[in-house]
Each structure stands twice: as C-alpha cells, then as structure tokens.
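Okay, structure first, notes after.
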There are 2 protein chains.
Amino acid sequence: MAKAPQAAGLHRASLTKLHDLDAALELMYYGWRGMTLEADAYLAKQGLSRPHHRILYVVARRPDIAIGALIEILGISKQALNRPLNLLVERKLVTSKRSPEQHRSKLLRLTEAGRRIEQRASDHERKVLREAFDRVGASGAAGWVGVMEAIADSN
Amino acid sequence: MAKAPQAAGLHRASLTKLHDLDAALELMYYGWRGMTLEADAYLAKQGLSRPHHRILYVVARRPDIAIGALIEILGISKQALNRPLNLLVERKLVTSKRSPEQHRSKLLRLTEAGRRIEQRASDHERKVLREAFDRVGASGAAGWVGVMEAIADSN
DNA sequence: ATTCTAAAGTCAACGTGGTTGACATGAGGC
DNA sequence: GCCTCATGTCAACCACGTTGACTTTAGAAT
C-alpha cells in the first residue's frame with residue numbers, strides 16, 4: 001500500500017471509433033478514473049488504498065456492522081478482508097468490539113480519525129461529481145442518474 | 001488468468017446515505033461494474049482478462065501501433081505490458097511485425113481471431129450501454145454524456 | 001566501419017489485492 | 001460436555017502492477 005497512481009491513459013480519445021458507442025464506453029472508463037484519481041492520491045498519502053476506502057465507506061454507513069456482513073457487502077473473502085481491516089484497526093481508524101449481548105460477532109465502528117479520513121477521501125470523489133452536475137444542470141444530472149441506474153441494474 | 005468474477009456488492013444500496021451525493025458515488029461504482037461484468041465473464045471463458053481486453057481494444061483502433069505508443073496509451077510499464085501482450089501473440093490474436101522501412105519499432109495488429117474476441121467482449125459492454133440509453137431516451141443519454149465528459153476532463 | 005542511440009525484449013525482486021484450503025479459537029445453544 | 005457459528009490465522013497460489021538492470025536489434029552519425 002503506497003504509491004500514487006500514475007498518469008495513465010493520457011488524454012482520452014486519440015483512438016478512432018469503430019462503433020457509435022465506443023465513445024460512451026471510453027467515457028465510462030475515464031469517468032471512473034476521473035472520479036477516483038484525486039481520492040486515490042489522497043489515500044496513498046495516508047498509506048491507504050482503494051480497499052481500505054471501501055471498508056471505511058461501508059463501516060461509516062453501517063456502524064456496528066459485523067465482519068460477516070461486511071464481507072458480504074464488499075464481495076471479497078474473509079482472508080482478503082483481513083489484512084486491510086487489521087491495518088485500519090492498528091491505525092485506530094476502526095474499532096472492533098464484541099457487543100454486550102451478541103458476543104458471537106464483532107461490531108465495527110469508525111473512530112474519529114477514521115471518520116475524518118473516510119470523509120476526506122469520499123469528499124474528493126463527491127467534489128468531482130458535484131462539479132460535473134453543476135456544469136450540466138439538473139436535467140443533465142437526472143439523465144446521468146437514469147442511465148447509471150439502468151446500467152447498475154442490468155445484471 | 002481464469003475465474004469468472006463473483007457476485008460482489010450484492011444489490012447496490014442497503015447503505016444509509018451520509019451525503020446527498022453518496023447515491024451518485026455508488027452509482028458510479030455499480031455502473032462500472034454493471035458495464036464490465038458480462039464482458040469480464042466472457043473474457044474469463046477465453047482465459048483472458050481486463051488487461052488483455054484493453055490491449056485488444058486499443059490495437060483494434062490503432063492498427064500498426066508500436067509498442068511504445070501502446071505503453072503510453074495504456075499507462076503501464078513496458079514490463080507490465082509484456083506478459084499479457086506475449087500471451088496474445090502466442091494465441092495468435094495479435095501479430096507483431098517489423099515494418100519494411102521502420103525496422104526500429106514493431107507494429108501490432110489484430111488477427112481475425114483477435115478482432116473477433118475484441119468485438120465480442122466490447123459488444124457485451126456496448127450492449128449494456130445501449131439498453132440503458134434506450135431506456136432513458138436521447139435527452140437522458142445526452143445528459144449522461146455531458147456529466148461523464150465533465151468528470152473525465154476534471155483532471 | 002565503429003560508435004552512439006532508441007526501441008524492444010528479458011530477468012529478477014518486490015508489493016498488493018485477490019483466491020482456496022485447512023485449521024484454531026471463542027462464545028452461545030442444546 | 002458437545003455442537004455450531006463467527007471469527008481469526010496460516011500457507012500456497014495467481015494476476016497485475018512496479019523498479020532496476022541488463023541484452024538485443026537496428027538505424028544514425030562521425
């Protein structure tokens with residue numbers, strides 16, 4: 001976990017389009033990168049990366065989530081979760097306690113520091129989105145949401 | 001290189017939203033996954049994965065591209081390109097020839113088989129986009145493009 | 001012709017994000 | 001006391017990326 005992501009892909013375009021939807025396809029790629037670029041750079045400065053952010057993001061929105069539920073949501077294996085989560089606990093960004101009644105599962109929460117980092121990383125992403133939405137106005141934003149929902153639900 | 005990507009993330013949502021843009025942020029995540037899911041599954045069946053597809057995609061749109069230019073566009077190192085590209089050449093999906101006059105650089109092209117796989121993989125992605133665009137109509141699609149361009153160009 | 005340089009190829013070491021499989025621990029249910 | 005479930009941990013593996021250090025190839029320059 002280190003290293004800021006590099007330039008990559010340069011400027012989009014420069015490729016001739018073979019199909020009418022190639023431009024849209026590339027926009028999805030560069031859009032994803034555009035949204036995450038600053039956030040990844042910020043996380044890298046903190047010695048963290050995307051998987052850590054995903055954990056922080058989910059735990060922030062589901063305080064007292066158990067490990068098993070977190071695994072489900074992230075869609076990764078228990079072992080894959082282990083390392084990044086332990087790092088977050090070591091760094092005191094996440095606390096892991098057994099609850100009073102339900103001792104069987106551990107409950108995860110963000111510490112103040114964890115909340116701060118989650119917020120800042122996500123803020124970078126939200127900032128990019130906000131500026132884009134502002135640029136195109138409410139109707140454009142609504143269109144974007146409609147398309148993305150259709151894509152997200154296409155599986 | 002093998003294994004189809006697994007479910008992961010389940011259904012989107014189920015997370016409480018801390019900010020007004022959280023929904024959009026998650027839409028970007030699930031949108032990217034939604035677009036690439038089928039394509040990745042298809043590629044996995046061919047024993048290929050995303051990096052191979054990126055190579056095929058670029059070479060298809062820039063026939064006779066040199067290795068150096070490909071590295072630039074993909075934004076990865078020469079060594080990182082080497083393995084997947086060699087696999088593609090071994091499988092006769094890509095040909096690599098020195099040109100008559102410019103012997104210094106090799107020129108890459110897709111074979112018929114390479115073109116076919118590139119097309120099918122990209123078709124899966126374009127299909128998802130097309131259905132989404134059809135669902136929201138031309139104005140929604142235009143909004144989507146506007147937002148994505150703003151995001152892509154935000155760096 | 002020899003030397004210099006640019007493009008490409010190759011090797012080794014490493015980091016990180018995943019995967020399985022196997023096994024240990026901790027705590028509630030019966 | 002045992003069973004079971006949630007969690008933790010170890011080892012092996014794979015894919016994808018990185019640097020660094022070289023070699024090979026072939027055009028360019030003196």
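Each chain gets a letter, A, B and so on, in the order the sequences are listed, and its residues count up from 1.
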* Between dG18(C), dG17(D), dA8(C), which one does the side chain of A66(B) approach most closely? -> dA8(C)
* Are S105(B) and dA7(C) close enough that a side-chain N or O sits under 4.0 Å from OP1 or OP2? -> no
* Gap between atoms CG and P, on L70(B) and dA8(C) respectively (whole Å) -> 10 Å
* What is the distance from CD1 of I71(B) to P of dT10(C), rounded to the nearest Å? -> 13 Å
* Considering only side-chain heavy atoms of I67(B), which listed nucleotide, dT7(D), dG17(D), dG9(C), is closest? -> dG9(C)
* Give the rounded distance in Å between these two atoms: CD1 of I76(B) and C1' of dT18(D). => 11 Å
* Measure the distance from CZ on R83(B) to C1' on dC14(C) and round it to the nearest whole Å. => 13 Å
* Whole Å only: how far is the CG atom of N82(A) from the P atom of dT20(C)? -> 15 Å
* Length of the line joining Q79(B):CD and dC22(D):C1', which is rounded to integer Å -> 11 Å
* Any side-chain N or O of S77(A) under 4.0 Å from OP1/OP2 of dT19(C)? -> yes
* Those residues that, when tested against R54(A), pass salt bridge (Lys or Arg N to Asp or Glu O under 4.0 Å) (two or more places apart) -> none
* Asked: Would you say a side-chain N or O of K106(A) is under 4.0 Å from OP1 or OP2 of dG8(D)?
  -> yes
* Asked: With a distance cut-off below 6.0 Å to the six-membered ring centre and an angular limit of 45° from the axis, does R61(B) pair with Y57(B) as a cation-pi contact?
  -> yes
* Asked: Could you state the CG-P distance from L81(B) to dG17(D), rounded to the nearest angstrom?
  -> 9 Å
* To do: Would you classify N86(A) as touching base, sugar-phosphate or nothing, given that sugar-phosphate means primed atoms plus P, OP1 and OP2, and contacts are heavy atoms under 4.0 Å?
  => sugar-phosphate
* How are the rings of F133(A) and W144(A) set relative to one another: parallel (under 30°), tilted (30 to 60°) or perpendicular (over 60°)? -> perpendicular
* Determine the sole option in L43(B), D123(B), V128(B) for which the side chain to side chain contact (heavy atoms under 4.5 Å, CB included) test with E38(B) is passed. => V128(B)
* To the nearest angstrom, how far is E90(A) atom CD from dG8(D) atom P? -> 13 Å
* To do: Scan I76(A), L70(A), L87(A) and name whichever one has a side chain to side chain contact (heavy atoms under 4.5 Å, CB included) with I55(A).
  => L70(A)
